[in-house]
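Everything below concerns the one structure shown next.
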Number of protein chains: 2
Amino acid sequence: MMIGEVAEKTGFSVHTLRYYEKIGLLPETLRDAGGRRVYGPDVLVWLEFVERLKQIGMPIRDRVRYAEMRAQGDSTISARRELLQTYRDDLAKRVASLSETLDVLDAKIATYETATKCNGASQ
Amino acid sequence: MMIGEVAEKTGFSVHTLRYYEKIGLLPETLRDAGGRRVYGPDVLVWLEFVERLKQIGMPIRDRVRYAEMRAQGDSTISARRELLQTYRDDLAKRVASLSETLDVLDAKIATYETATKCNGASQ
DNA sequence: GCTTGACCTAGAGTGCACTCTATAACCTAG
DNA sequence: CTAGGTTATAGAGTGCACTCTAGGTCAAGC
């Protein structure tokens, strides 16, 4: 795969993919005779996971740290587990908090609906 | 209340509170003889809600827009409802997606634990 | 052989949301 | 009456995570 195809399949822009390589979030790839990046299919799996880490709010520095440990191999497994565990626990709290906020919003919306029905009075 | 007390009670910094006023996220307050801001207790309730909107990822521009509509009174209720509804629906999706990610992380952590137990082999 | 489009690098620019600095006024306690 | 802490303003600076620009190379199709 060329970089454009990876971009299309993952939703990351070509610019972003090169940027990710520069900062170490993507490993350096093979190049073809013309100097272009050639990716194997594994990169899609990795990028999907990176997207998850991004989604949960892991800052890019930690994503890079994770990527670096991954590149170092099995010796870093327990450190990686710990890193993920920290974010996992935080995420569990955030999901709970967001669910609560969902209820708050529903309540607010409900009061707005009541207010509208009662012809613009109150609140 | 002076600004420092509001900061302490809400978790927003003094700088942030003044910034919020400047951009219209907080209404302009009364001042005492020395030109200092004096807040009523209502501001705490409002800031708590603002914090919720921030937590769900509503960009500050929309938070300001919401604040401005709120200041305009009842005529904006249905617009406000619509704005909240949009973010509410988006939030519901995000909570679902994050729950899924929570499962992905748990699975990943589980494989790491297996890998550690089996003495650093695999993955 | 020439245009078109995807690719390359280095580095500058962007948008968000604060966060801090410099400078000054005020109020309270000792 | 003075020292320390809180407040004020305007505006500069920060960190994050991209995002884009300039200037170029390269391969394929017409």
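The chains referred to below are lettered A, B, ... by the order of the sequence lines, with proteins before strands, and numbering in each begins at 1.
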Review point. Is A:Tyr20 touching bases, backbone alone, or none of the nucleic acid, heavy atoms closer than 4.0 Å?
Key: sugar-phosphate

Check your understanding: Just checking B:Arg37: base, sugar-phosphate only, or nothing, at a heavy-atom cut-off of under 4.0 Å?
Key ->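 The residue B:Arg37 makes sugar-phosphate contact but no base contact.
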
Write down the distance between [atom1] ([X]) and [atom2] ([N]), rounded to a whole number of angstrom.
X	N	atom1	atom2	answer
A:Ile60	D:dT19	CD1	P	10 Å
A:Asp62	D:dA17	CG	C1'	14 Å
A:Leu17	D:dA17	CG	C1'	14 Å
A:His15	C:dA10	NE2	C1'	13 Å
A:Met1	C:dA6	CE	C1'	16 Å
A:Ile3	C:dA6	CD1	P	13 Å
A:Arg18	C:dA12	CZ	P	18 Å
A:Arg31	C:dC7	CZ	P	12 Å

Review point. Is any side-chain nitrogen or oxygen of A:Lys54 closer than 4.0 Å to OP1 or OP2 of D:dC18?
Key: yes

Point to revise | N/O (side chain, A:Arg63) to phosphate O (OP1/OP2, D:dC18) under 4.0 Å | key: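 The answer is yes; a side-chain N or O of A:Arg63 sits under 4.0 Å from OP1 or OP2.
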
Check your understanding: In terms of the nearest nucleotide of DNA chain D, which residue is placed more toward the 5' end: A:Ser13 or A:Arg36?
Key ->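 The residue whose closest nucleotide sits nearer the 5' end is A:Ser13.
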
Exercise for review: Would you kindly compare A:Ala33 and B:Tyr39 by the position of their nearest DNA chain D nucleotide and give the one closer to the 5′ end?
Suggested key: B:Tyr39

Point to revise | Within the 6.0 Å centroid threshold, strictly below: A:Tyr66 and A:Phe49 | key: yes

Measure from the side-chain N and O atoms of [X] to the backbone N and O of [Y], and report whether any donor-acceptor pair falls under 3.5 Å.
X	Y	result
B:Trp46	B:Leu25	yes
A:Arg94	B:Gln55	no
A:Ser97	A:Lys93	no

Practice item. Hey, which sits more toward the 5' end of DNA chain C by its nearest nucleotide, A:Gly34 or B:Leu25? Key: A:Gly34

Check your understanding: Below 4.0 angstrom, N of the basic side chain to O of the carboxylate: do A:Asp62 and A:Arg65 qualify?
Key ->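 Here A:Asp62 pairs with A:Arg65 in a salt bridge, since their nearest N and O are under 4.0 Å apart.
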
